[in-house]
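The structure appears right after this line, and notes come after that.
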Amino acid sequence: MTDETPRRSNFITEIIDEHNRTGRFGGRVHTRFPPEPNGYLHIGHAKALVLDFGIAEDYGGITNLRYDDTNPVKEDVEYVDAIKEDIRWLGFDWGDREYYASDYFEQLYEMAIKLIKKGKAYVDELTPEETREYRGTLTEPGKNSPWRDRPIEESLDLFQRMRAGEFKDGELTLRAKIDMASPNINMRDPVMYRILHAHHHRTGDEWCIYPMYDFAHGQSDSIEGITHSLCSLEYENHRPLYDWFIQELEIFAPQQIEFARLNLTHTVMSKRKLRRLVEAGLVDGWIDPRMPTLAAMRRRGYPPKAIREFIEIVGVAKSENVIEVELLEHVVRDELNLTAPRRMAILEPVKVIIDNYPEDQEEWFNIPDFPQDPENSPTRKVPFSREIYIEADDFMEEPPKKYFRLSPGREVRLMNAYYIQYKDIVKDEAGNIVEIHVSYDPESRGGQSPDGRKVRGTIHWVSAKHAIEAETRLYEQMFLEKDPEDLPEDQDFLDHFNKGSLKVLHAKLEPSLADAKVGEVYQFVRDGYFTLDHVTSTPEKPIWIRTLSLVDSWAKMQK
RNA sequence: UGGGGUAUUGUGUAAUGGUAGCACACCGGACUUUGAAUCCGUCUGUCGUGGUUCGAAUCCAUGUACCCCAGCCA
């Protein structure tokens, strides 16, 4: 840490600073990242990741990876592996501290026994329906279960038999004996264990009782010596319970701190809703480039550094927030602008014939990858010939005012090549432009003319006979509305899915792009950033994904 | 109508009794062999009402709005 890069400061670090002043944890900062392996990580998790790992690092502390795998019916190893890959990709390292709540099942069981013996937990025989009825409502207290005051010995025996598999799912539960009249519903004798005859991804069939989140999370933190347990706002109501178990068990007490989760405009973030998009077939799985998952962003070419930067910029507080997706895109473009080599590609080609350019001639131009700094930039060779492609957008027969590109009577610059002058167009019977005829000025080689005359428009091009063909996929937001969840009662967010959010085009690329590798992101000049799709692309049939378009102020002017 | 939280510009986030700052977005302009980038500039804010104070986003009172909680999910 240096003076130029002050470490982050927010309400969480204030709490930690206070702990350090009072010596509560002896100056130690040890956090954990606790995903449930029941889905893919999304950009919201990146916030938790940056906080958990980043704050610990700022204080010279460490972070554990711990899977919150207490519900076997929802969880799967598939997600365990995907989650690890995402965390590594973002650049975080948990060392050898890869843990699972399920590692602690035996200890948790012993803790439960301890609470039963203390008279602080009991086996309940209420059905799920009865449990709900007895719980009361937000405004009315609950009432005690008839089994609440059964003898300790009886609860002990029953709980042991629950573990032994003598009962069916849902028949019995172990509950904490707290206060059925508490205004905090989480304190109304919360269920600690439920019976689930289900196969667990790690413990297999060893257990048929599983601890609830509330009985597992805090103690797992305690066992690992976690000092600061960061979680999202909805767990605020659970903190009294978190503390209660710790206190009754007389074990090391971590501090739970809640922060507001990240939300983004034009998308949904809950795993449930993301799953619905996948299952409805509206997107191509969890890693569809339109999804807000980290795996999707990786596929799409978002640099992990940009995502971390985005989280830092966004900050952290306790108020509900919705970040405009434009900020994320800005940070991604900012990074890519510095790192993505420039290439020429024509997404919607129209053929241009340079009448006065010799038929059999070709030239190879040396063009810098980073024209902002040509002195230090690597270069690549780009062929030029008599027939080229330009973007259909770059020609207009009847241009509006301030249109600087090619049109009748106009001269424009082919980037890094020559000036060309419009001569004529050829149309088919339907009136579509088939080819544009132009002449070029041999004196303007490289894109400058000796007479110093100015051309306002510069367009890019690809030599027709050298072009390589590729499919390009252009993505837009999944939802046109800023908040797709803010809908009238009778409407479903799935019905608002942006059907035009994927556009597939067949592009012509400059030949150097044949050497592109998966993982590289290029700027296709004047259009956007692109990367080879590591999922669908093959050497025989390259498929490019547009990471993001460039900012297009011309399009904005047209609105 | 119980309990727990939160309110600073369009969106986020600073300011910890002393000039309301920064970023994105927006809108102008300069520059340009990317209508990108870069540069410059403008605009918009302390939830309301009282109070304390020389001075309040900050302290006090009161009101309002929004979020979370009634899974044997996490």
Side-chain angles (χ1 to χ4, degrees), chain A residues 9-10 14 34-36 38 68-71 73-75 101 124 126-128 131-133 135-142 169-175 181-188 190-196 209-210 212-214 216-217 231-240 258 260 262 265 271-272 313-331 333-334 337-338 342 344 367 371-372 374 402-405 412-417 419 446-448 455-460 482 523-528 549-557:
Chain A
S9 166
N10 52 52
E14 281 175 23
E36 184 188 14
N38 71 340
D68 236 331
D69 57 349
T70 55
N71 186 356
V73 307
K74 286 191 174 180
E75 296 150 8
D124 197 3
L126 254 29
T127 64
T131 305
R132 192 180 339 114
E133 286 160 18
R135 186 151 34 225
T137 69
L138 294 177
T139 51
E140 302 156 28
D169 286 7
E171 217 176 322
L172 261 37
T173 58
L174 182 71
R175 294 232 257 163
S182 172
N184 181 346
I185 291 185
N186 294 307
M187 301 298 272
R188 317 240 263 230
V191 171
M192 293 161 58
Y193 270 90
R194 75 286 215 188
I195 299 171
L196 244 32
I209 58 172
Y210 291 92
M212 300 286 290
Y213 166 84
D214 285 309
H217 198 89
C231 60
S232 50
L233 248 28
E234 69 261 34
Y235 291 100
E236 215 153 14
N237 295 330
H238 292 249
R239 179 153 32 96
E258 310 86 11
L262 174 77
T265 55
K271 282 185 193 168
R272 206 189 108 255
I313 288 173
V314 151
V316 59
K318 291 192 72 159
S319 56
E320 296 283 346
N321 61 82
V322 186
I323 311 295
E324 290 178 335
V325 74
E326 288 82 358
L327 177 58
L328 206 213
E329 296 180 343
H330 165 79
V331 177
R333 286 190 184 103
D334 222 29
N337 182 41
L338 298 175
R342 315 286 123 127
M344 290 197 285
I367 302 182
Q372 15 2 348
K402 297 210 174 172
Y403 182 83
F404 306 143
R405 286 110 96 148
V412 298
R413 171 166 37 232
L414 294 177
M415 192 182 285
N416 294 298
Y419 290 3
Q448 292 163 333
V455 284
R456 187 65 200 266
T458 300
I459 64 176
H460 59 107
K482 266 195 157 181
Q523 186 194 99
F524 288 2
V525 141
R526 298 212 305 134
D527 189 278
S549 67
L550 254 28
V551 172
D552 187 351
S553 57
W554 168 246
K556 214 177 285 176
M557 275 170 67

**Asked** Which of these passes side-chain contact (heavy atoms from CB on, under 4.5 Å) with A/Arg194: A/Leu172, A/Asn71, A/Asp169?
**Response** A/Asn71
**Message:** Heavy atoms only, 4.0 Å cut-off, all strands: where does A/Glu140 land among base, sugar-phosphate and nothing?
**Reply:** nothing
**Message:** Does this structure show an ion pair linking A/Glu258 with A/Arg239, if we count only N-O contacts that are shorter than 4.0 Å?
**Reply:** yes
**Request:** Identify whether any heavy atom of A/Thr137 sits under 4.0 Å from a base atom; if not, whether one sits that close to sugar-phosphate; answer base, sugar-phosphate or nothing.
**Result:** base
**Message:** Heavy atoms only, 4.0 Å cut-off, all strands: where does A/Glu258 land among base, sugar-phosphate and nothing?
**Reply:** nothing
**Asked** Contact class for A/His217 vs. all strands (heavy atom < 4.0 Å): base, sugar-phosphate, or nothing?
**Response** nothing
**Prompt:** Looking across every strand, which nucleic acid part, if any, lies under 4.0 Å from A/Asn237 by heavy atom: base, sugar-phosphate, or nothing?
**Reply:** base
**Distance between P atoms of B/G12 and B/C54 (Å, rounded)** = 37 Å
**Asked** Between A/Asn184 and A/Pro240, what is the shortest heavy-atom contact and its length?
**Response** ND2-CG, 3.7 Å
Heteroatom pairs (N/O) under 3.5 angstrom, protein to nucleotides 11-14 of chain B:
unit_1	atom_1	unit_2	atom_2	d
B/U11	O4'	A/Glu324	OE2	3.1
B/U11	O3'	A/Val322	O	3.2
B/U11	O2'	A/Val322	O	2.7
B/G12	OP1	A/Val322	N	3.1
B/G12	O5'	A/Val322	O	3.4
B/G12	O2'	A/Val314	O	2.9

**Interatomic distance, A/Met344 CE vs B/A36 P [rounded to whole Å]** = 19 Å
**Asked** Nearest-Å distance, CZ (A/Arg239) to C1' (B/C69)?
**Response** 14 Å
**Prompt:** What form does the base of B/G21 take, syn (within 90° of 0) or anti?
**Reply:** anti
Each nucleotide N or O in nucleotides 26-29 of chain B that has a protein N or O under 3.5 Å away: list the pair and distance.
unit_1	atom_1	unit_2	atom_2	d
B/C26	OP1	A/Lys556	NZ	3.1

**Request:** Could you give the distance separating B/G18 and B/A36 at their P atoms, to the nearest angstrom?
**Result:** 43 Å
**Message:** Classify the ring geometry of A/Tyr213 against A/Tyr235: parallel below 30°, tilted from 30° to 60°, perpendicular beyond 60°.
**Reply:** tilted
**Request:** Could you tell me whether A/Tyr235 contacts a base, only the sugar-phosphate backbone, or nothing, with contacts defined as non-hydrogen atoms closer than 4.0 Å?
**Result:** base
**Message:** Within the 4.0 Å heavy-atom criterion, would you say A/Ile367 contacts the bases, only the backbone, or no part of the nucleic acid?
**Reply:** nothing
**Complete:** Taking Watson-Crick and G-U wobble contacts under 3.5 angstrom, with | marking pairs to another strand and [ ] crossing pairs, the secondary structure of RNA chain B is written .((((((..((((....[..))))..((((.......)))).....(((((..]....))))))))))).....
**Request:** Name the residue closer to the 5' end of RNA chain B, choosing between A/Thr139 and A/Arg342 according to the nucleotide with the nearest heavy atom.
**Result:** A/Thr139
**Asked** CD/A/Gln523 to CZ/A/Arg333 distance, rounded to the nearest 0.5 angstrom?
**Response** 11.0 Å
**Asked** Using a cut-off of 4.0 Å on non-hydrogen atoms, how would the nucleic acid contact of A/Arg175 be classed: base, sugar-phosphate, or nothing?
**Response** nothing
**Prompt:** How would you label the contact of A/Arg456 with the nucleic acid (heavy atoms, under 4.0 Å): base, sugar-phosphate, or nothing?
**Reply:** base
**Asked** With sugar-phosphate meaning primed atoms plus P, OP1 and OP2, does A/Tyr403 contact a base, only sugar-phosphate, or nothing at under 4.0 Å between heavy atoms?
**Response** base
**Asked** When we call it a touch if two heavy atoms are under 4.0 Å apart, what does A/Arg135 touch: a base, just sugar-phosphate, or nothing?
**Response** sugar-phosphate
**Item:** Residues A/Glu236 and A/Lys318 bridged, charged N to O under 4.0 Å
**Value:** yes
**Request:** For B/C24, take OP1 and OP2 only and decide whether either is under 4.0 Å from a side-chain N or O of A/His330.
**Result:** yes
**Prompt:** For A/Tyr213 and B/A74, do the ring centres fall under 5.5 Å apart while the planes stay under 30° apart?
**Reply:** no
**Message:** Is it the case that the base of B/U38 and the side chain of A/Gln372 share a donor-acceptor contact (distance under 3.5 Å, atom types as modelled)?
**Reply:** no
**Asked** When the P atoms of B/C67 and B/G55 are considered, how many whole Å apart are they?
**Response** 38 Å
**Asked** Which value, in whole Å, describes the distance between the C1' atoms of nucleotides B/C47 and B/C66?
**Response** 11 Å
